[in-house]
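Right, one structure below, let's go through it.
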There are 2 protein chains.
Amino acid sequence: MAGAGASGPRHTMADVARRAGVSTATVSRALTRPDQVSPKTRELVHEIAEELGFRPNLIGRQLRAQAANSLLILVQDLENPFYAELIKGAEYVARERQFSVVVGGTDGLEDVERLYAEQYLGRRVDGLILLTGHLPAGLSRKMAEQGPVVLVSEDNPELALCAVLVDNVGWAAQAVAHLHALGHRRIAHLCGPMARIISRERREGYRRALSQAGLPADPALEAPGDFSFETGRRATRALLALPDPPTAIFCANDESALGAIRAAQQVGLDVPRDLSVIGFDDTMLAEISDPPLTTIRQPRQQMGAVAAEMVIDMLENGPGQCARRILDCELVERSTVAAPAAKS
Amino acid sequence: MAGAGASGPRHTMADVARRAGVSTATVSRALTRPDQVSPKTRELVHEIAEELGFRPNLIGRQLRAQAANSLLILVQDLENPFYAELIKGAEYVARERQFSVVVGGTDGLEDVERLYAEQYLGRRVDGLILLTGHLPAGLSRKMAEQGPVVLVSEDNPELALCAVLVDNVGWAAQAVAHLHALGHRRIAHLCGPMARIISRERREGYRRALSQAGLPADPALEAPGDFSFETGRRATRALLALPDPPTAIFCANDESALGAIRAAQQVGLDVPRDLSVIGFDDTMLAEISDPPLTTIRQPRQQMGAVAAEMVIDMLENGPGQCARRILDCELVERSTVAAPAAKS
DNA sequence: TTGTAAGCGTTATCAC
DNA sequence: GTGATAACGCTTACAA
């Protein structure tokens with residue numbers, strides 16, 4: 001009967017070996033290389049292991065194997081729904097390849113980063129997937145660059161690391177070009193926090209699209225932001241109070257885009273009739289939005305999957321040279337974008 | 001200079017010992033019990049360790065110590081923002097007490113649960129914090145009940161485990177009583193998925209409040225749901241199409257409450273004038289909601305913190321008997337609840 | 001097919 | 001104050 005005896009003190013291989021009257025080596029083989037053991041012994045060992053509720057001690061195994069078969073994913077903010085799906089993608093691939101995944105949220109705190117770096121340096125995890133855009137404090141650049149470490153979503157040009165990215169500049173430009181194609185001429189950008197490279201990249205895309213469209217760059221239309229709803233709302237309110245307000249806003253992420261929509265509605269404007277809004281990420285918020293948000297979808301699951309694949313490949317085949325994979329995004333048209341109202 | 005030599009092959013204590021001309025025991029002591037070593041030796045060892053970029057191998061340490069100093073938090077769905085803050089609370093306490101925290105999302109998949117159970121049984125983590133409401137497949141009840149395992153948020157009366165909970169029945173009843181006090185008489189309940197005990201508890205609270213208020217129990221007012229926005233929207237649309245529609249809805253969580261609000265707005269009803277809505281959880285969605293959602297706030301961070309404390313206490317002082325901590329919620333009044341409109 | 005023994009990296013114990 | 005040694009639990013040459 002399954003589960004019998006699966007309580008009480010935990011047993012080691014030595015216990016099983018003793019009870020079965022064989023050596024620990026045989027127990028180990030019976031459990032992990034069944035074919036190398038006579039059917040009779042194999043059965044016996046399995047039976048006793050079951051009876052005792054024996055589970056191999058993974059620490060012992062890891063020490064011996066010099067590998068934890070485990071990946072660490074480092075995230076700034078666990079609360080950000082953007083990461084969850086990405087983590088899922090990584091976990092799925094990892095599982096397929098017999099790896100486990102550990103998730104750590106740093107909240108940008110150096111001490112916490114240091115703790116996680118220690119896990120890596122202390123070999124409790126074999127590889128590192130960084131969604132933070134930078135190395136954790138405590139991990140030297142050299143150390144990272146020769147090891148199984150990949151950057152995801154957030155690039156860092158100063159680091160010679162493998163990376164899984166999207167073309168933020170290009171897709172931001174696409175978003176803006178989409179607005180322009182519909183006839184918008186006053187297009188604002190609600191920026192992300194400038195400390196993050198993705199924010200700078202998306203702004204860069206905005207500027208590039210403007211210039212390609214032959215539109216003037218008006219600094220007043222670049223509103224500072226921090227990815228949050230509330231800041232998005234406030235910044236948009238200011239934008240709409242401008243003497244010559246924008247007819248469309250490209251927001252650096254979905255959450256702040258919802259803030260922009262709210263600001264418009266609060267001053268009696270209709271989205272998309274009076275103001276078009278486009279976001280970035282396509283998180284669950286985009287569907288909850290009213291009206292549903294037009295946005296740029298990042299292939300989050302795939303990003304996680306590819307990252308995990310990269311790290312595990314490096315682990316299995318040696319570091320090799322670093323690769324940079326750029327994945328495709330997609331413009332998801334929902335209901336917050338329309339042609340601008342005719343001039344009144 | 002810090003970080004020097006922190007690349008290249010990784011070193012062990014034996015390397016450091018050799019270079020310093022001391023034994024590994026001394027290296028170990030110099031690094032972890034500095035006072036047991038002469039200042040001179042201590043300095044020397046530190047210097048060489050630094051120079052070599054030596055980091056102690058945690059696996060070796062763990063094997064020796066027979067402890068991983070690590071907790072596993074199991075979650076159904078990493079995407080649910082409810083968990084993030086709770087995890088943060090647990091991480092914070094764990095860190096204070098020199099523990100690390102590992103987060104695992106099971107998606108309700110048995111195979112995945114089994115993998116995580118293996119991590120626990122294989123002693124890669126010392127304790128378990130379950131936000132799933134049930135034991136992971138592969139972990140026997142007996143095994144769990146004698147070990148450092150706690151249930152959080154989601155109770156399971158069949159298990160004699162430590163638990164950190166809120167009074168779902170009581171606070172659901174409070175929510176409904178709040179509506180009743182304002183004059184509502186037709187109060188509906190948008191249920192959560194019935195497979196989850198918190199859903200059943202919240203429904204129970206709804207029913208209890210109704211009966212305490214002397215209101216009839218109308219099965220038509222209990223709409224089935226699954227915590228999602230879309231289902232909440234659809235169910236509410238049906239509710240509003242009833243011959244005698246409700247004037248208020250108590251929703252089993254925030255996300256479905258947003259769905260309810262949307263449904264009302266889509267048929268031209270004003271929230272809260274024509275329909276009052278109250279949620280449960282107080283996630284970030286409650287603030288993003290338009291109008292901002294009145295809801296029951298769970299002390300998520302504290303729940304995580306207390307859970308971590310419990311597990312670590314059990315680890316340090318032996319299992320002891322299991323405790324059940326019930327934490328307080330709070331009714332957060334925002335803008336989706338008002339007195340019902342006068343009868344027309 | 002099975003057993004013996006070494007070794008993974010660390011730390012605690014016991015001498016010195 | 002320091003060193004030798006054993007031990008944590010497992011796997012794998014190598015030998016039988």
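Just the heavy atoms: all of them, side chains too, but no hydrogens, waters or symmetry mates, feed the values below. Quick note on labels: first sequence line is chain A, next is B, and so on, each numbered from 1.
Between R95(A) and D111(B) no salt bridge is recorded (no basic side-chain N to carboxylate O distance below 4.0 Å). Ion pairing between a basic and an acidic side chain is recognised when a charged N comes within 4.0 Å of a carboxylate O; E110(A) and R114(A) show such pairing. Taking the charged nitrogens against the carboxylate oxygens, K88(A) and D77(B) do have a contact shorter than 4.0 Å, which makes a salt bridge.
Nucleic acid contact class of G21(B) (heavy atoms, under 4.0 Å, all strands): sugar-phosphate only.
Side chains of V101(B) and I129(B) form no contact here, defined as non-hydrogen atoms less than 4.5 Å apart.
Taking atom CD of residue Q62(A) and atom C1' of nucleotide dC8(D), one finds them 14 Å apart after rounding to whole Å. Note: CD (Q66(B)) to P (dC10(D)) measures 10 Å, nearest angstrom. Remark: C1' of dG9(C) and CZ of R55(B) are 15 Å apart, rounded to the nearest angstrom. One can place CZ of R64(B) at 11 Å from C1' of dT5(D), the figure rounded to the nearest angstrom. Between the C1' atom of dT10(C) and the CG atom of L63(A) lies a distance of 8 Å, rounded to the nearest Å. Spacing between atom CG of L44(A) and atom C1' of dT1(C) amounts to 14 Å, rounded to whole angstrom units. Between the P atom of dC10(D) and the CZ atom of R10(A) lies a distance of 12 Å, rounded to the nearest Å. Distance, M13(B) CE to dT5(D) P: 19 Å, rounded to whole Å.
Note: Q62(A) CD to Q62(B) CD = 7.5 Å, rounded to the nearest 0.5 Å. Of the inter-residue distances, the one linking L71(B) atom CG with S100(B) atom OG reads 8.0 Å to the nearest 0.5 angstrom.
A cation-pi arrangement is found for R10(A) relative to Y120(B), the charged atom lying closer than 6.0 Å to the ring centre and inside a 45° cone about the ring normal.
Contacts between residues 28-43 of chain A and DNA chain C, defined by a heavy-atom separation below 4.0 Å, involve R29(A), Q36(A), V37(A), S38(A), T41(A), listed by number.
Helix-axis bend for the helix from dT1(C)-dA16(D) to dC16(C)-dG1(D): the local axis fitted to the five terminal pairs at one end deviates from that at the other end by 40°, rounded to 10°.
For the pairing with V152(B), the side-chain contact (heavy atoms from CB on, under 4.5 Å) check across L131(B), L165(B), L74(B), V75(B) returns one residue only, L131(B).
By the side-chain contact (heavy atoms from CB on, under 4.5 Å) test, A65(A) is found to be paired with no residue, residues two or more places apart in sequence or in another chain being considered.
Of all nucleotides listed (dT2(D), dC10(D), dA4(D)), dT2(D) comes nearest to the side chain of T26(B). When distances are taken from the side chain of F54(A) to each of dT10(C), dG3(C), dC10(D), the shortest belongs to dC10(D).
Phosphate contact (OP1/OP2 of dT11(C), side-chain N/O of R61(B), threshold under 4.0 Å): present.
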